[in-house]
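To keep things clear, I will list the structure first and then write my remarks on it.
Not measured: the values here are computed from a predicted model. Atom set for the values below is all heavy atoms of this structure, side chains included, hydrogens, waters and symmetry mates excluded.
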Amino acid sequence: MIQHKTLIAILLSPLILTFAATSRGAEDADAALVRAMFARINLDYPGLEKVKEALARDDLPAAEAAYLQFWRERDDRKVLWNPIFRAFPLEQRTGAASDFFHDPPVTVSWRDREKLNKNLYTGKAWANFADEPTQWTLSSMADLMLENRLVRLRLGDQPPVELGEPWNLDAGGDFAYRQYFAPVLSQAYWLTGDDRYVRKLMQAWTAWIGRVGADCSRSPGNNSFLQSFHGCMIPGVLEMVLDSPALYPAEFCLVVAYLSDGSIGQLTGAPRGGNQTLTQANAILSITSALPEFKDSQQWAAKGRAYLTDFCQQLTYPDGGFAETTFLYSLTCAGELLAIKESLEANGLPVPEQLTGRAEKWGDYFMYNAQPDSYLPWTGHGAKVEAAWLLGRLARMYPHRKDFLYYATRGQEGEQPKNPSRWFNWSGYCSMRDRYDTTANYLFFDVGPCGSFHKNANKLQIVVASHGRTLLEDRGIHTYSPRKPEFRTYFDYSYGHSTVLVDGKSQPIREEVSTAPLTNPWMSTAVLDYNAGEYSGGYHPTSYVAGAVDNGVRHHRSVVFVKPDYWIVTDRLLPTGKDDPDRERTFEQLFQYIPGEITERRDSLAVSSATPGEPNLALIPVSREGLELEIARGQREPYILGWAVSKNKEELVEPAPTVIYRKRAASPAVMQTVLWPMKAGQTQHPQVERIGEPGDGAVKVTLPDGRVDWYRSSAAPWAMEVGGVSYPNALAALVRLDSQGQVVAREAVKQ
């Protein structure tokens with residue numbers, strides 16, 4: 001009789017043989033990848049003598065061990081630390097999206113552990129754009145990974161997902177494929193010295209490589225995008241764990257083989273376009289900085305610099321702006337560009353001229369466009385972000401720019417910008433403010449092109465803040481969540497912005513970048529700021545409103561800031577000569593308030609935010625003839641209006657008042673509104689009177705203290721009279737009288 005154990009062995013032997021064959025097959029495949037990698041290395045590179053000797057005697061394990069030792073001993077290269085992109089609000093910049101460095105280094109070495117450990121954040125992590133920290137810390141996330149569970153921190157405070165053993169990254173979705181777990185494990189190792197984190201990291205990576213292959217042909221999802229993420233991240237993470245005895249030579253060499261084969265092969269293909277070209281260049285140069293011993297390293301670097309130059313030429317502007325008009329993404333791009341610049345300099349590599357020439361301009365772009373609370377407007381597919389971390393680095397790079405330091409430290413150090421208002425004549429953004437501090441009166445005006453990637457249909461929109469509080473706000477984007485798909489149109493199109501609708505139709509989302517400086521009229525003096533822009537691309541049907549494209553109207557908007565008190569917005573809906581220009585249309589002027597209470601005065605059609613103990617903003621129409629007032633809050637019909645991004649991530653959106661001034665008229669039509677900011681406790685409005693005919697754009701504003709302003713604007717230069725004074729060939733003119741009726745200021749705006 002066959003013994004029980006013998007029978008089990010006989011029954012299991014095919015499985016054992018299959019497993020052994022599979023294991024040997026995997027080992028053989030890994031060895032083949034590593035041998036191919038060594039063939040790509042210049043074995044005469046200084047420090048590789050032992051590697052060359054081991055390969056000459058066909059001793060692969062010895063060659064692997066010697067190559068790992070070469071990495072540990074090298075001092076001729078600086079590896080970029082760039083595991084993720086950083087563009088987070090000040091209170092969220094630590095622990096966001098798995099990078100727990102307080103002040104991330106430009107380059108990293110395993111020798112920096114003691115110096116940089118003090119910069120590692122050990123508190124509760126922030127998910128991207130969240131309002132509160134999650135329950136997870138760096139250590140708790142890393143410990144869950146030891147149990148094969150993954151926190152998808154990028155998506156918020158959600159339950160961990162089970163990945164199994166070996167890890168099934170499908171269960172973790174896009175978050176897992178981008179491999180944000182890698183910086184978590186490497187930084188946990190730095191904090192603790194616990195080699196289990198290194199073992200888990202290498203097991204995850206080698207399992208990944210076994211799945212996708214060296215050429216990444218079996219990689220799921222957006223493979224090219226993933227390769228860019230991996231190329232940026234893997235070199236720095238590898239560098240952090242170099243001193244661990246749990247980093248086995250064979251596994252280490254397999255990961256380098258992956259980087260130097262399919263990864264770099266895909267990255268050095270054709271440029272991918274938009275900001276993905278920048279990430280592609282970043283990944284190439286990150287790999288190049290880590291692998292100068294490879295025969296093709298110089299060719300890789302040249303390709304990376306070429307893509308970098310291409311991005312700078314096509315998608316960055318000489319004024320410091322970006323064709324990616326969304327501040328979230330343009331800030332991300334600026335951070336990447338700055339890290340690349342510093343990495344190239346650290347490695348003694350040439351820096352493209354476009355990069356060196358524009359870095360200081362980025363600081364101006366973000367500093368001047370920032371709201372008084374330091375956040376940037378929610379343009380495009382954006383969220384609330386601030387640029388303190390970027391301006392802090394630029395302040396160190398350009399020590400004469402004390403204003404950069406002022407913004408980076410929120411006024412604790414440095415000096416205020418000398419001229420607080422600014423016009424960017426390539427990007428088409430301008431800011432108007434009376435001073436540069438947290439209590440300033442501030443208006444952001446977008447007259448520029450729609451942009452490239454992550455853009456909204458929001459031309460001529462405004463954002464307003466006063467006395468430390470943002471009051472009119474771009475709605476940003478709720479999320480890309482499929483749970484409320486009907487809101488995508490609201491956030492993307494003109495419905496969610498402080499601009500104008502025509503018969504309920506919106507501007508379209510379009511690819512549009514500047515190819516030359518814009519010629520919009522801009523004037524900034526001690527008395528006023530003035531800018532004007534025009535949209536003439538037609539009003540289009542959306543998922544909310546059916547019908548044909550209406551090309552019969554162009555929208556001209558001018559904004560004047562009468563310093564330091566208030567703004568006048570003048571909207572002219574002008575005929576284009578197309579699509580029956582003489583017929584009546586319904587024009588809707590939208591003002592997007594933050595969530596809160598609104599009061600209205602039916603006699604004057606004035607409205608105001610009404611939060612007790614807080615600054616507020618009143619809207620006062622100049623001409624009330626044919627004008628209707630509606631306040632939409634949580635509206636769904638006839639189309640969605642009156643919503644904002646919610647702090648409740650389950651609900652995604654919350655009601656917020658949208659003030660609508662509606663006029664039914666043929667073009668040309670004029671809608672003119674005074675924006676009056678009030679400090680906490682103030683309630684008095686100015687007296688606003690239309691002067692002349694409804695289309696003249698002339699207004700008399702009597703302030704509560706008795707001062708009087710006479711103002712007139714036009715869409716084209718002509719001879720105008722304002723307050724008894726004639727101005728030939730003017731776009732706008734202002735005359736200010738003191739409370740005694742004496743003229744104290746005159747300004748005329750010329751083309």
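Across every non-hydrogen atom of Trp676 and Gln684, the tightest pair is NE1-O, 3.0 Å. A pairwise comparison of heavy atoms in Leu641 and Tyr495 identifies CD2-O, 3.4 Å as the closest pair. Taking every heavy atom of both residues into account, Asp403 and Gln416 meet most closely at CB-C, 4.4 Å. Nearest approach of Val645 to Glu654, heavy atoms of both residues: O-OE2, 3.6 Å. When all heavy atoms of Val701 and Pro686 are compared, the closest pair comes out as CG1-CB, 3.8 Å. In terms of heavy atoms, Pro595 sits closest to Pro657 at CA-CD, 4.0 Å.
The six-membered or imidazole ring of Tyr429 lies away from that of Tyr317, with a centre-to-centre distance of 6.0 Å or more. Two rings, from Phe445 and Tyr530, have their centers 6.0 Å or more apart.
For the residue pair Gln672 / Thr570, a side-chain donor-acceptor distance below 3.5 Å is found, with atom types taken as modelled. There is a side-chain donor-acceptor pair under 3.5 Å between Arg410 and Ser374. When only modelled atom types and interatomic distance are considered, Asn441 and Ser466 share a side-chain donor-acceptor pair under 3.5 Å. Inspection of the Tyr566 and Asp709 side chains reveals an N or O donor paired with an N or O acceptor under 3.5 Å. The closest side-chain donor-acceptor pair between Thr658 and Gln592 falls under 3.5 angstrom. There is no side-chain donor-acceptor pair under 3.5 Å between Ser506 and Thr542.
Relative ring orientation between Phe322 and Trp362 is described as tilted, the plane-to-plane angle lying within the 30° to 60° band. The aromatic rings of Tyr365 and Phe327 lie tilted to each other, with the angle between the two planes from 30° to 60°. Aromatic ring orientation, Tyr535 versus Tyr539: perpendicular (interplanar angle above 60°, classes split at 30° and 60°).
Under the 3.5 Å distance criterion, the side-chain polar atoms of Ser514 are matched with a main-chain donor or acceptor of Trp426. With hydrogens and angles disregarded, no donor-acceptor distance shorter than 3.5 Å links the side chain of Ser608 to the backbone of Ala610. A side-chain donor-acceptor contact under 3.5 Å links Ser421 to the backbone of Arg433. One N or O on the side chain of Arg633 and one on the backbone of Gly596 form a donor-acceptor pair closer than 3.5 Å. Proximity of a side-chain donor or acceptor of Ser494 to a complementary backbone N or O of Ala457 within less than 3.5 Å is detected. Looking only at distances, a side-chain donor or acceptor of Tyr407 sits under 3.5 Å from a matching main-chain atom of Ala387. Side-chain N or O atoms of Lys459 include one that pairs as donor or acceptor with a backbone N or O of Glu534 at under 3.5 Å. Listed for the Ser609 side chain is no donor-acceptor partner under 3.5 Å among the backbone atoms of Asn616. Here the side chain of Asp319 pairs a donor or acceptor atom with the backbone of Ser427 at under 3.5 angstrom. A distance-only check finds a donor-acceptor pair linking the side chain of Lys663 to the backbone of Val670 [under 3.5 Å].
Put simply, the side chain of Thr611 does not reach to within 4.5 Å of the side chain of Glu597, judged on heavy atoms. Looking at Val447 and Leu460, their side chains come closer than 4.5 Å, going by heavy atoms from C-beta outward. Annotation: side chain of Thr499 is not in contact with side chain of Asn458 (no heavy-atom distance under 4.5 Å). Looking only at side-chain heavy atoms (C-beta outward), Leu590 and Ser498 stay at 4.5 Å or farther from each other. Side-chain atoms of Phe587 and Asp571, non-hydrogen and from C-beta on, never get closer than 4.5 Å to each other. Residues Phe591 and Leu675 meet the side-chain proximity criterion, which asks for heavy atoms closer than 4.5 Å. Side-chain contact between Val553 and Pro575 is absent, with no heavy-atom pair separated by less than 4.5 Å. Using a 4.5 Å cut-off on side-chain heavy atoms (C-beta onward), Asn456 and Trp378 make no contact.
Between atom CG of residue Leu472 and atom CD1 of residue Ile594 there is a gap of 9.0 Å, rounded to the nearest 0.5 Å. For the atom pair NE2 of His467 and OH of Tyr442, the computed distance is 16.0 Å after rounding to the nearest 0.5 Å. With values rounded to the nearest 0.5 angstrom, Leu629 atom CG is found 9.0 Å from Arg662 atom CZ. To the nearest 0.5 Å, the span separating OG on Ser558 from NE2 on His556 amounts to 6.0 Å. Gln461 contributes atom CD, which lies 4.0 Å from atom CG of Asp474 (distance to the nearest 0.5 angstrom). Taken from NE2 in His381 to CZ in Phe453, the straight-line distance is 12.5 Å, to the nearest 0.5 Å.
Note on Lys455 versus Glu511: salt bridge recorded, some NZ/NE/NH1/NH2 to OD/OE distance being below 4.0 Å. Classification of Asp579 and Arg585 as a salt-bridged pair fails, no side-chain N sitting under 4.0 Å from a carboxylate O. Ion pairing of Arg583 with Asp503 is present here, as a side-chain N (NZ or NE/NH1/NH2) and a carboxylate O approach within less than 4.0 Å.
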Side chain to side chain contact (heavy atoms under 4.5 Å, CB included) assessment of Val500 paired with Arg557: CA-CA 10 Å; Val500 169; Arg557 170 171 279 185; 4.2 Å; yes
Please lay out, stage by stage, how Tyr593 and Leu619 fare under the test side chain to side chain contact (heavy atoms under 4.5 Å, CB included). CA-CA 11 Å; Tyr593 273 94; Leu619 306 176; 3.3 Å; yes
Checking salt bridge (Lys or Arg N to Asp or Glu O under 4.0 Å) for the pair Asp529/Arg422: CA distance, chi angles, key distance, verdict? CA-CA 9 Å; Asp529 292 336; Arg422 180 64 69 93; over 6 Å; no
Stepwise side chain to side chain contact (heavy atoms under 4.5 Å, CB included) check, Phe424 with Asn369: CA-CA 9 Å; Phe424 293 90; Asn369 284 314; 3.7 Å; yes
Walk me through whether Tyr493 and Ile509 qualify under side chain to side chain contact (heavy atoms under 4.5 Å, CB included). CA-CA 7 Å; Tyr493 288 84; Ile509 297 173; 3.7 Å; yes
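Counting non-hydrogen atoms of other residues, nucleotides and ligands closer than 6.0 Å to CG of Asp705 gives a total above 12.
Considering Val560, Val749, Asn520, Val559 as possible partners of Asn531, the one that fulfils the side-chain contact (heavy atoms from CB on, under 4.5 Å) test is Asn520.
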